[in-house]
Visitor: 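Below you'll find the structure I mean.
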Number of protein chains: 4
Amino acid sequence: MSRGNTRQRIQDVALELFAERGYEKTSLREIAEQLGVTKAALYYHFKTKEDLLTSLFEDMVLGPADEVIAWAKAHQPSRLETKLEILSRYSACISNATPLVRFMHENQAALRDLAIGEQMKERMFLLLGLIKDENAALTDQVRCSSALFTMHSSLFTLEGTKADPEEKRKAALEVAQELVTAAHHGSGDTPPGRETGSARHE
Amino acid sequence: MSRGNTRQRIQDVALELFAERGYEKTSLREIAEQLGVTKAALYYHFKTKEDLLTSLFEDMVLGPADEVIAWAKAHQPSRLETKLEILSRYSACISNATPLVRFMHENQAALRDLAIGEQMKERMFLLLGLIKDENAALTDQVRCSSALFTMHSSLFTLEGTKADPEEKRKAALEVAQELVTAAHHGSGDTPPGRETGSARHE
Amino acid sequence: MSRGNTRQRIQDVALELFAERGYEKTSLREIAEQLGVTKAALYYHFKTKEDLLTSLFEDMVLGPADEVIAWAKAHQPSRLETKLEILSRYSACISNATPLVRFMHENQAALRDLAIGEQMKERMFLLLGLIKDENAALTDQVRCSSALFTMHSSLFTLEGTKADPEEKRKAALEVAQELVTAAHHGSGDTPPGRETGSARHE
Amino acid sequence: MSRGNTRQRIQDVALELFAERGYEKTSLREIAEQLGVTKAALYYHFKTKEDLLTSLFEDMVLGPADEVIAWAKAHQPSRLETKLEILSRYSACISNATPLVRFMHENQAALRDLAIGEQMKERMFLLLGLIKDENAALTDQVRCSSALFTMHSSLFTLEGTKADPEEKRKAALEVAQELVTAAHHGSGDTPPGRETGSARHE
DNA sequence: CATGAATGAGGATTCATTCAT
DNA sequence: CATGAATGAATCCTCATTCAT
């Protein structure tokens with residue numbers, strides 16, 4: 001039954017528990033018990049608890065996010081169309097890592113003194129930087145920031161709503177793109193004849 | 001030596017440390033040490049670590065949030081103007097509790113098994129329920145959800161931006177109101193003169 | 001409501017809690033809370049937790065037991081009739097202190113390093129010494145020891161039995177007297193017409 | 001260094017200390033120190049302080065007592081001979097667990113909220129039920145109850161007496177059997193040729 | 001008479017980690 | 001590959017007690 005896949009199994013269980021109970025409250029003992037192995041076995045595969053968490057992020061979100069960023073850098077990031085495509089790609093990339101994105105939001109306090117937390121934060125800044133204009137009006141900056149947040153939170157919010165995850169993701173992407181579009185055009189002097197965020201049409 | 005203000009001082013230090021380092025990683029020893037008292041002194045004033053946290057929330061956000069909700073229930077919540085006023089009032093109310101709002105977002109994993117966490121979650125749902133229409137299109141639901149998130153996150157995001165907190169708050173409120181306005185009109189059939197992000201036709 | 005009877009009320013509550021939960025597991029906080037006073041108030045009336053317990057024993061069993069012992073010393077203790085009367089008197093005296101007798105048995109571990117524990121133990125030895133003959137056969141010594149135990153334990157044993165406490169006490173006294181009578185006659189050579197449990201040959 | 005015997009050594013030291021100082025007053029630190037290991041080492045072998053105690057009872061008295069009960073159920077418990085044999089077997093079984101029996105009596109307050117306490121209590125009831133007749137006279141019920149008590153207490157009473165433990169045990173067994181015999185025949189009408197303490201008729 | 005505030009010592013328990021085998 | 005055994009440090013919490021007011 002056990003093959004070389006133990007490492008993978010550890011990651012699976014760890015992801016599940018980390019997401020469900022939080023980083024600090026998930027002990028290695030629990031992970032080991034749920035796997036039917038010893039704590040020491042975990043240490044054979046991962047140097048450290050932090051290391052275990054890190055491996056999850058690297059495989060599932062850090063890498064993919066970097067791809068999005070790399071793509072963006074090669075495609076005139078300042079054009080609106082590029083920005084929208086960035087959102088689209090990023091949305092797709094995180095949809096495969098729902099539990100980790102949720103984990104990231106719910107465990108920021110814990111991530112603050114983990115190296116991987118710093119790295120993730122950096123990526124978020126990079127992404128945000130690609131989308132928003134440093135000199136834009138404050139509202140527009142908020143819009144861009146909110147766009148990212150919206151895509152993240154749609155993955156684990158709206159619990160009551162019966163819509164399926166994929167639909168929610170698309171809806172969130174739509175709203176995010178709307179926000180970024182508004183931010184891209186807008187800025188500062190609220191354009192005349194505009195009453196909703198997206199309804200600018202000059 | 002110190003007078004009746006010890007309880008207050010404990011709360012101050014606790015708020016600071018909880019916000020800075022997170023709930024789980026802040027030990028009562030640290031709080032006590034920073035205050036120059038014994039751990040046991042904390043227990044004289046608060047039955048429990050959880051109790052200490054709870055007292056912070058009750059005083060600073062639970063109560064105020066309930067006032068907003070009460071006001072809303074008495075003022076035709078389904079009208080757009082009422083909704084916008086709810087946002088405005090809520091924005092004002094949380095601006096006095098910035099560190100706690102931040103704490104709430106960054107420690108959701110920890111809050112999950114704290115009674116006060118459940119209570120806060122409930123309030124968020126109530127607030128969201130007042131603003132969004134259960135039968136609206138998914139995008140509109142996302143918009144409303146995002147509106148709330150935006151006001152929260154503006155309090156501790158955009159670190160790079162040099163704008164002062166009050167301005168950020170106003171900008172966030174503006175964006176939030178915009179989102180809710182769009183959601184209010186919108187719903188399924190895109191209102192004339194307004195395009196959703198994805199419905200672009202260039 | 002509160003008069004000079006506070007001391008008495010403290011003793012009442014303390015007796016109840018000590019008996020119900022044990023000495024070590026009953027904290028002064030609990031006693032104070034149940035009384036609606038502060039822990040410090042207890043310290044006004046009793047120097048110490050141990051002191052509080054001691055006061056209970058002194059008033060309710062130490063004194064009475066000493067009276068029995070004093071009476072015995074003045075009445076030819078070696079006569080059977082005297083012995084039986086000792087049992088009778090002692091039985092009466094402890095029946096007023098049921099909870100304390102129970103407490104004594106159930107908290108011997110705790111009493112071992114309390115001064116009052118030593119004192120009570122001494123009284124038990126004295127009493128036993130009055131009843132049993134140092135040079136009697138071992139079985140007879142056991143009988144006497146058992147007699148005392150029986151009177152004690154009848155106060156808090158036989159929970160299932162529906163008999164009322166007073167009846168139980170009388171029954172126990174009867175059995176105790178029987179045991180002492182046997183021990184008094186007996187010693188080694190089984191008295192005629194009476195067989196020990198194992199020497200049966202029918 | 002040490003081999004697989006650590007668990008055993010912990011039990012030995014724990015039994016010693018629990019018996020000597022009581023359950024509540026024996027801290028795991030003391031046990032660990034006396035063993036020359038860390039507290040955490042104890043937790044490797046026993047999940048809990050209570051668990052450690054439980055393991056002692058299970059191995060040394062719960063199991064053996066259950067054997068006696070099982071034997072009894074298979075041998076017409078209502079016959080006097082069977083009852084006497086029960087006493088005999090039970091006496092033998094507890095003589096190997098003297099410190100624990102003593103512990104049981106001296107720490108009843110502590111045992112009251114330990115699961116193992118409940119289990120032991122249940123066994124005592126079963127044993128008592130096998131020996132005494134529910135409908136017998138109260139004195140006879142007391143006699144049976146006393147019989148059990150006598151066997152227990154003989155293990156740690158009569159400290160002054162120089163007799164060796166085994167002799168004391170036998171003497172106690174004899175007295176216990178006598179009591180049960182009396183209870184078996186007796187009930188209300190004192191059997192001829194037998195004098196009880198109360199059967200005095202002068 | 002009693003309280004409010006605080007202390008110091010100690011309790012059980014949990015955790016990430018190590019290392020010889 | 002993995003385990004069994006153990007550690008050291010830390011955690012939350014409770015308790016009896018004190019003392020100025």
Side-chain angles (χ1 to χ4, degrees), chain A residues 2-7 10 23-32 35-52, chain B residues 1-7 10 24-32 35-52, chain C residues 2-7 10 23-32 35-52, chain D residues 1-7 10 24-32 35-52:
Chain A
S2 69
R3 264 247 318 303
N5 62 335
T6 300
R7 191 188 145 96
I10 293 174
Y23 180 71
E24 332 236 22
K25 302 223 320 198
T26 302
S27 73
L28 294 185
R29 175 173 55 73
E30 283 173 303
I31 297 177
L35 273 161
V37 292
T38 331
K39 264 181 296 171
L42 305 186
Y43 279 91
Y44 179 82
H45 294 281
F46 300 94
K47 235 175 41 217
T48 247
K49 186 187 183 186
E50 177 171 355
D51 208 48
L52 173 48
Chain B
M1 187 157 290
S2 60
R3 275 238 322 299
N5 61 330
T6 301
R7 193 189 146 98
I10 294 174
E24 333 234 20
K25 303 226 317 199
T26 302
S27 74
L28 293 187
R29 177 177 53 74
E30 284 172 305
I31 297 178
L35 273 162
V37 291
T38 329
K39 267 179 293 168
L42 305 187
Y43 280 94
Y44 175 76
H45 294 281
F46 299 94
K47 243 179 25 229
T48 253
K49 188 187 182 185
E50 177 172 355
D51 207 50
L52 173 48
Chain C
S2 69
R3 263 250 316 303
N5 62 334
T6 300
R7 193 188 145 97
I10 294 175
Y23 181 71
E24 333 234 21
K25 302 224 318 197
T26 302
S27 72
L28 294 186
R29 174 171 57 70
E30 283 172 303
I31 297 177
L35 272 161
V37 292
T38 331
K39 263 182 295 171
L42 305 186
Y43 279 90
Y44 179 83
H45 294 281
F46 300 94
K47 234 174 44 215
T48 247
K49 187 188 183 186
E50 177 172 355
D51 207 49
L52 173 49
Chain D
M1 186 157 290
S2 61
R3 275 238 320 301
N5 61 332
T6 300
R7 192 189 146 97
I10 293 174
E24 332 234 22
K25 303 225 318 197
T26 302
S27 75
L28 294 186
R29 177 177 53 75
E30 284 172 304
I31 298 178
L35 272 161
V37 293
T38 330
K39 267 179 294 170
L42 305 188
Y43 279 93
Y44 176 76
H45 293 281
F46 300 94
K47 241 180 25 228
T48 253
K49 188 187 182 184
E50 177 171 355
D51 207 50
L52 173 48

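This is a predicted model, so every value here is computed, not measured. A note on names: the letters A, B, ... follow the listed sequences, proteins ahead of strands, and every chain is numbered from 1.
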Visitor: First locate atom OG of D/Ser27, then atom NZ of D/Lys39, and finally report the distance between them rounded to the nearest 0.5 Å.
Guide: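 Answer for the OG-NZ pair, D/Ser27 versus D/Lys39, is 8.0 Å.
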
Visitor: Which comes earlier along DNA chain F counting from the 5' end, the contact point of B/Glu24 or that of D/Gly36, where each point is its nearest nucleotide?
Guide: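 This one resolves to D/Gly36.
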
Visitor: Quick one: B/Ile31 CD1 to F/dT11 C1', roughly how many Å, whole number?
Guide: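 Taking atom C1' of F/dT11 as the reference, CD1 of B/Ile31 is at 13 Å.
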
Visitor: May I ask you to evaluate whether A/Thr6 reaches the phosphate of F/dC1, defined as a side-chain N or O under 4.0 Å from OP1 or OP2?
Guide: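 For F/dC1, OP1/OP2 do not have a side-chain N/O of A/Thr6 under 4.0 Å.
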
Visitor: Where each residue is assigned the nucleotide of DNA chain E containing its nearest heavy atom, which of D/Thr26 and C/Leu42 is assigned the position nearer the 5′ end?
Guide: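 Counting from the 5' end, the first nearest nucleotide belongs to C/Leu42.
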
Visitor: Could you go step by step and tell me if D/Ile10 and D/Val37 meet the side-chain contact (heavy atoms from CB on, under 4.5 Å) rule?
Guide: CA-CA 10 Å; D/Ile10 293 174; D/Val37 293; 5.7 Å; no

Visitor: A/Ala40 has a side chain; which of F/dC13, E/dA12, F/dG4 sits nearest to it?
Guide: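 From the listed options, F/dG4 comes nearest.
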
Visitor: Ignoring hydrogens and angles, does a donor from either the side chain of A/Lys39 or the base of E/dT17 sit under 3.5 Å from an acceptor on the other?
Guide: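 Present.
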
Visitor: Working to the nearest 0.5 Å, report the span between OH of A/Tyr44 and OG1 of A/Thr38.
Guide: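 Between atom OH of A/Tyr44 and atom OG1 of A/Thr38 there are 14.0 Å.
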
Visitor: Rounded to whole Å, please give me the gap between NZ in B/Lys25 and C1' in F/dT11.
Guide: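 The distance from NZ of B/Lys25 to C1' of F/dT11 comes to 14 Å, rounded to the nearest Å.
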
Visitor: Tell me: CG of A/Leu52 to C1' of E/dC15, nearest whole Å?
Guide: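 Computing the A/Leu52:CG to E/dC15:C1' distance gives 15 Å.
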
Visitor: For DNA chain F, list all stems, counting runs of three or more consecutive pairs where every pair is Watson-Crick or G-U wobble with both distances under 3.5 Å.
Guide: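 Expected stems, ordered by start: E:2-21 with F:2-21.
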
Visitor: Reckon B/His45 has a side-chain N or O less than 4.0 Å from the OP1 or OP2 of E/dA6?
Guide: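 The answer is yes; a side-chain N or O of B/His45 sits under 4.0 Å from OP1 or OP2.
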
Visitor: Mind calculating the distance between CZ (A/Phe46) and P (F/dC1) to the nearest angstrom?
Guide: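 Spelled out: CZ on A/Phe46 to P on F/dC1 is 13 Å.
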
Visitor: So how far is it from B/Lys49 NZ to B/Asp51 CG, rounded to the nearest 0.5 Å?
Guide: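 Answer rounded to 0.5 Å: 13.0 Å.
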
Visitor: If you assign C/Lys47 and B/Leu28 each to the DNA chain F nucleotide with the nearest heavy atom, which residue ends up on the more 5' nucleotide?
Guide: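 The residue mapped nearer the 5' terminus is B/Leu28.
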
Visitor: Quick one: OH on A/Tyr23 to CG on A/Leu52, what's the gap to the nearest 0.5 Å?
Guide: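 Taking OH in A/Tyr23 and CG in A/Leu52, the distance rounds to 8.0 Å.
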
Visitor: Rounded to whole angstrom units, what separation is found between the CG atom of B/Asp51 and the P atom of F/dC12?
Guide: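 Between P of F/dC12 and CG of B/Asp51: 14 Å.
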
Visitor: I want to verify a distance call: between E/dA2, F/dT3, F/dT7, whose nearest atom is closest to the A/Thr38 side chain?
Guide: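 Shortest atom-to-atom distance from the side chain points to F/dT3.
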
Visitor: Is there a donor-acceptor pair under 3.5 Å between the side chain of D/Lys25 and the backbone N or O of C/Glu24?
Guide: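 The answer is no, because no donor-acceptor pair under 3.5 Å joins these two groups.
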
Visitor: Please state how far atom OH in B/Tyr43 lies from atom C1' in E/dA9, giving the value in whole angstrom units.
Guide: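 Rounded to whole Å, this separation is 15 Å.
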
Visitor: Calculate the interatomic distance between A/Arg29 atom CZ and F/dA5 atom C1'; express it in whole Å.
Guide: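 One finds 16 Å between C1' of F/dA5 and CZ of A/Arg29, rounded.
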
Visitor: Using OP1 and OP2 only, check whether a side-chain N or O of B/Thr48 sits under 4.0 Å from F/dC13.
Guide: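 Looking at the OP1 and OP2 atoms of F/dC13, one of them is under 4.0 Å from a side-chain N or O of B/Thr48.
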
Visitor: Just to confirm, is there a sub-4.0 Å distance from OP1 or OP2 of F/dA2 to any side-chain nitrogen or oxygen of A/Tyr44?
Guide: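 No, A/Tyr44 has no side-chain N/O under 4.0 Å of OP1/OP2 on F/dA2.
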
Visitor: Show the nearest heavy-atom pair for residues C/Glu30 and C/Thr26, with the distance to one decimal.
Guide: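 Nearest pair, atom of C/Glu30 first, then C/Thr26: OE1-CA, 3.4 Å.
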
Visitor: Is B/Ser27 near enough to F/dT11 that one of its side-chain N or O atoms lies under 4.0 angstrom from OP1 or OP2?
Guide: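 Checking F/dT11 against B/Ser27, a side-chain N or O does come within under 4.0 Å of OP1 or OP2.
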
Visitor: Output the rounded distance in Å from NZ (B/Lys49) to P (F/dT14).
Guide: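 After rounding, the gap between these two atoms is 14 Å.
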
Visitor: Going from OG1 on C/Thr48 to CG on C/Leu28, what distance comes out if it is rounded to the nearest 0.5 angstrom?
Guide: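 With rounding to 0.5 Å, OG1 (C/Thr48) is 8.5 Å from CG (C/Leu28).
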
